[in-house]
Amino acid sequence: MKLTKTFLASSALAVAAGGAMADGHMANEMTLVSWGGAYQVSQVKAYVEPYLAMHPEVTVIWDESSAEAVAKLRAMNEAGNVTWDLVDVVASDSMRLCDEGLAEELDHNAVLAAAPDGTSASDDFGNLLVSDCFVPQIVYSTTFGYRTDLVGETAPTSVCSIFDLEAYPGKRALQKRPIDNMEWALYCDGVAKEDIYDVLGTDEGVAQALAKLDTIKDQVVWWTAGAETPQLLADGEVVFGSTYNGRLFSAIAEQNQPIGMLWDMQSFDLDGWIVPAGLPEDRKARVMDFLAFATDTQRLADQAAYISYGPARASSAPLVGKHAELGIEMAPHMPTDPANAGNVHTYDYEWWADNRDDLDAKFQAWLVK
């Protein structure tokens, strides 16, 4: 489901500010930053609408700029005008923002809800708390969808099929960034999974990855928003396309598109919230109130009823049930399901946090060659 202005207006996100505040020190308005598309719909349904039902005095404004969060927060900080209140980012970006002092460090046990059995937030989230500034929401993967009617009689089973233009001719959609593309390129050029980051950490390794991508470069449609690949696949403009597994689930299960899932070498990642540093106290108080609600056990389990991403809390997993509208069990559609996780790429958050700016520059220079 595409998140349109009409949907936003009808989903209670445009509740007019006004009326007496129940708690005078909290701001009446929040700007939340996310990714748009089916994922943002799941956030709206699982915890924004329930929060607004309890707090009708609050207005929520959405910005769909999460892909540019680091650059935009740097610019806002430089200008001394941070207009965002809560920002959804991937784990490695949270580390960069934390290291640069652009995100608030949080005492997770103090600001987040404990699990229903009393388990502390830090124990419930466990090793998914990869940064002092990060509150994880979901485990997701970046993987490939393909048009079932455009791949011939032999459906692809390997991620390296994207480099096989002879067996699978046609356009491919890849995200316009080095992350994942560089790892897949090296893997499909013979580098063992456990050696990928050691190789990518050298100039020769970067050149090797880009050379492999060169073999399909003229057949690539580059995307920046997660909703683009499902649309490109639905329109038959590409044969393969990388995107987030939940976007593909939406296209397949909700829209009945002729799309198959290629789970091989799916790239596990985390997504969650950061609070921009230096917010005025009234805005920060509202954000912290919302953050505790939106990341509690029930809300993260509820989100899995709308999209096939695994909740980041251990206590939420047993509560994952059926899709809210389709009535199908959601567990088999999660990237963490054993049937889908036979060959997984484990994303190295710290490596990318340390090397992202350098690889971005090299990747962008390659793109324009």
Side-chain angles (χ1 to χ4, degrees), residues 22-23 25-27 30 32 34 39 42-55 58 60 85-91 94-95 98 103-140 246 268-277 279 281 283-324 329-338 341 349:
D23 189 337
H25 78 282
M26 291 190 188
M30 287 189 296
L32 306 182
S34 191
Y39 176 60
S42 74
Q43 294 176 305
V44 171
K45 291 294 187 181
Y47 37 81
V48 174
E49 285 183 347
Y51 185 82
L52 292 180
M54 296 187 297
H55 300 280
V58 175
V60 167
D85 295 295
L86 192 62
V87 187
D88 187 307
V89 296
V90 295
S94 79
M95 292 176 174
C98 204
E104 287 280 349
E105 292 191 12
L106 304 171
D107 180 341
H108 291 99
N109 289 334
V111 301
L112 303 178
D117 66 358
T119 299
S120 69
S122 60
D123 286 342
D124 204 19
F125 284 106
N127 61 8
L128 302 189
L129 291 176
V130 296
S131 165
D132 290 338
C133 301
F134 185 61
V135 182
Q137 299 168 82
I138 58 162
V139 178
Y140 73 96
F268 273 5
D269 203 349
L270 302 175
D271 203 82
W273 298 113
I274 62 96
V275 179
L279 294 182
E281 286 304 313
R283 287 168 58 190
K284 184 176 178 180
R286 173 61 68 190
V287 165
M288 291 303 183
D289 187 68
F290 171 74
L291 185 62
F293 174 81
T295 60
D296 71 12
T297 295
Q298 188 61 57
R299 252 48 61 181
L300 294 186
D302 289 346
Q303 188 172 3
Y306 298 98
I307 199 160
S308 56
Y309 296 144
R313 278 184 179 262
S315 62
S316 299
L319 304 181
V320 173
K322 295 182 178 181
H323 190 279
E329 293 292 340
M330 291 298 286
H333 299 281
M334 299 294 173
T336 49
D337 187 81
Y349 314 109

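Just so you know, these numbers use all the heavy atoms, side chains as well, and skip hydrogens, waters and symmetry mates.
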Student: Has the side chain of Asn109 got a donor or acceptor atom that lies under 3.5 Å from a matching backbone atom of Ser122?
Tutor: yes

Student: Would you say the side chain of Gln303 lies within less than 4.5 Å of the side chain of Ile138, judging by non-hydrogen atoms?
Tutor: yes

Student: Is the shortest side-chain heavy-atom distance between Val320 and Glu329 below 4.5 Å?
Tutor: no

Student: When you look at His55 and Asp289, which way does the side chain to side chain contact (heavy atoms under 4.5 Å, CB included) test go after all the steps?
Tutor: CA-CA 11 Å; His55 300 280; Asp289 187 68; 3.7 Å; yes

Student: Walk me through it: do Cys133 and Glu104 pass the test side chain to side chain contact (heavy atoms under 4.5 Å, CB included)?
Tutor: CA-CA 6 Å; Cys133 301; Glu104 287 280 349; 5.9 Å; no

Student: With side chains defined as the heavy atoms from C-beta onward, is the minimum distance between Val89 and Trp273 less than 4.5 Å?
Tutor: no

Student: When rounded to the nearest 0.5 angstrom, what is the spacing between OG1 in Thr295 and CZ in Arg313?
Tutor: 5.5 Å

Student: About how many Å separate CG of Leu129 and CG of Asp123, when rounded to the nearest 0.5 Å?
Tutor: 9.5 Å

Student: Partners of Asp296 by salt bridge (charged side-chain N to carboxylate O under 4.0 Å, His left out), sequence neighbours excluded?
Tutor: Arg299

Student: To the nearest 0.5 Å, what is the distance between OG on Ser316 and CG on Asp302?
Tutor: 9.0 Å

Student: Indicate yes or no: at least one non-hydrogen side-chain atom of Thr336 is less than 4.5 angstrom from one of Phe268.
Tutor: yes

Student: Any chance you could measure Ile307, atom CD1, to His333, atom NE2, to the nearest 0.5 Å?
Tutor: 13.0 Å

Student: If the condition is side-chain contact (heavy atoms from CB on, under 4.5 Å), which residues does Ala114 pass it with, not counting sequence neighbours?
Tutor: none

Student: Does Phe125 reach the side chain of Thr119, with side-chain heavy atoms less than 4.5 Å apart?
Tutor: no

Student: Mind checking whether Gln298 and Leu319 have side chains closer than 4.5 Å, heavy atoms only?
Tutor: yes

Student: Any side-chain heavy atom of Arg283 within less than 4.5 Å of one from Met26?
Tutor: no

Student: Between OH of Tyr51 and CZ of Phe293, what distance do you get to the nearest 0.5 Å?
Tutor: 8.5 Å

Student: Just checking Tyr309 against Tyr39, ring centres under 6.0 Å apart?
Tutor: yes

Student: Do Leu106 and Asp132 come close enough that some side-chain heavy atom pair is under 4.5 Å?
Tutor: no

Student: How many angstroms lie between atom OG of Ser34 and atom CD of Gln43, to the nearest 0.5 angstrom?
Tutor: 3.5 Å

Student: Please answer whether the main-chain N or O of Phe134 pairs with a side-chain N or O of His108 as donor and acceptor at a distance below 3.5 Å.
Tutor: yes

